[in-house]
Amino acid sequence: MPPKSVPDPILIPIERATAPVSSQPTDLRLTRIDEFLQARSLSPNSQKAYRQDLNHFLRWTQTSWAAVTARQVAQFKGYLLRKDPQTGKRVLADSSACRILGTLKNFYGWLLKTRYVTEDPTVSVELPKLSEPDAQNLPSQQVEQILTAAIATSLPERNLALVSVLLHGLRASEAVNLNLEDYDGQRLFIRQAKADSKGIVPLAPQTRSRLNAYLTWRQQQGHAIEPTSPLFVSQSRRNWGKRLSYDGIRKVVETIEQQTGLSIHAHQFRHTFATNLVLQGMNPYHVMTLTRHRSTASFRRYTKAADQAAAETAFYETVEPNNSMSI
């Protein structure tokens, strides 16, 4: 018998499963920042601010945290303090440069404690020297303009009450966190605050009246009135009845800016509260208790105007009766 022919082999291609290759490798520097923020008890706004500060450094260099040198940190400081070649002015304010560098120092202190690095390259680099800041308080005429503008907004009940509360020295973030149970008809209980600066803020009669009118209006609008309900709520279609956000307060202030032509920010209301009380003769320690400042150095800005006024009064009381100075 003739031999059987052997058929030609059939080649069957075998496809190997391959894992998709990411075009964006994980940046371990970002992972360390996430861990740093998770390890600290920070408000969402503080976390956002810390992350923004550290991102300045990430954009400036691709060096890993462990490989950063003291020389690089010094160069980064120079970068933060650089001037615009066209205007000759600083790109960042001294306070911003100091804050960013301070955040980097804080972060490296944590990296060292957690043994992610063996040396802290920020130790030998000093923070920029800052001049003593002045209070950014508003004159009484501008305060009246702001209150009048709040009444002219589309939500006069809420916005007038909100501005009045902010003019009692509250930070915007503290006003956001207030619940109905935090108002007893006489005062506000600050239970969530920056650096755990909790406390009690008594309200002036006119502010209590405005706040009560707002709450009555809230009931008429059909909002839930429960102890844990937000004190200030949104009226937008998307967030109706939900807690008014930090961004919501910013938009209220922007609306008032447009109506008055003033350039203001919500924190100026806090400055105005503290400065006016000191100028009116209230014991600075008591004012500091109401604003819940922990550092006398940071509170100093509010006493400067009162100290200057008192010094001028003492000068005239000394000089004018006896005409003791020949100038």
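The structure displayed is predicted, hence computed values, not measured ones.
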Set out, in order, the CA-CA distance, both residues' side-chain angles and the distance that settles side chain to side chain contact (heavy atoms under 4.5 Å, CB included) for Leu178 and Ile190, then state yes or no. CA-CA 7 Å; Leu178 287 172; Ile190 312 302; 4.1 Å; yes

Enter the distance from Ile249:CD1 to Ser173:OG here, rounded to the nearest 0.5 Å.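 Rounded to the nearest 0.5 Å, the CD1-OG separation comes out at 8.5 Å.
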
One should read off an interatomic distance between Phe299 CZ and Thr289 OG1, to the nearest 0.5 angstrom, of 8.5 Å

Would you find more than 12 non-hydrogen atoms of other residues, nucleotides or ligands less than 6.0 Å from [X] atom [atom1]?
X      : atom1 : result
Gln221 : CD    : yes
Glu126 : CD    : no
Glu312 : CD    : yes
Arg59  : CZ    : yes

Please check: side-chain N/O of [X] versus main-chain N/O of [Y], any donor-acceptor pairing under 3.5 Å?
X      : Y      : result
Arg218 : His223 : no
Thr114 : Trp110 : yes
Asn212 : Arg208 : yes
Lys83  : Lys89  : no
Thr272 : Leu138 : yes
Glu257 : Ile264 : yes
His168 : Thr207 : no

Are any of the side-chain nitrogens in [X] or [Y] under 4.0 Å away from the carboxylate oxygens of its partner?
X      : Y      : answer
Asp84  : Arg90  : no
Asp120 : Lys113 : no
Arg210 : Glu157 : no
Asp247 : Arg250 : yes
Arg32  : Glu35  : yes

Can you see which heavy atom on Val125 is nearest to which on Ala70, and at what distance? CG2-O, 4.0 Å

Here the pair of heavy atoms bringing Thr296 nearest to Met288 is N-CE, 3.6 Å

Assess the side chains of Thr228 and Asn179: does a donor N or O sit below 3.5 Å from an acceptor N or O? no

Ring of Phe273, cation from Arg270 - is the NZ or CZ under 6.0 Å from the centre and inside 45° of the axis? no

Derivation of the salt bridge (Lys or Arg N to Asp or Glu O under 4.0 Å) call for Arg51 and Asp34: CA-CA 9 Å; Arg51 195 181 296 278; Asp34 290 340; 2.8 Å; yes

For the pair His293 and Tyr302, name the ring-plane relationship: parallel under 30°, tilted 30 to 60°, perpendicular over 60°. perpendicular

How are the rings of Trp60 and Phe57 set to each other: parallel, tilted or perpendicular (split at 30° and 60°)? tilted

Are Trp65 and Phe36 close enough that their ring centres sit under 6.0 Å apart? no

Taking the ring of Tyr50 and the ring of Phe107, is the distance between their centroids below 6.0 Å?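 No.
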
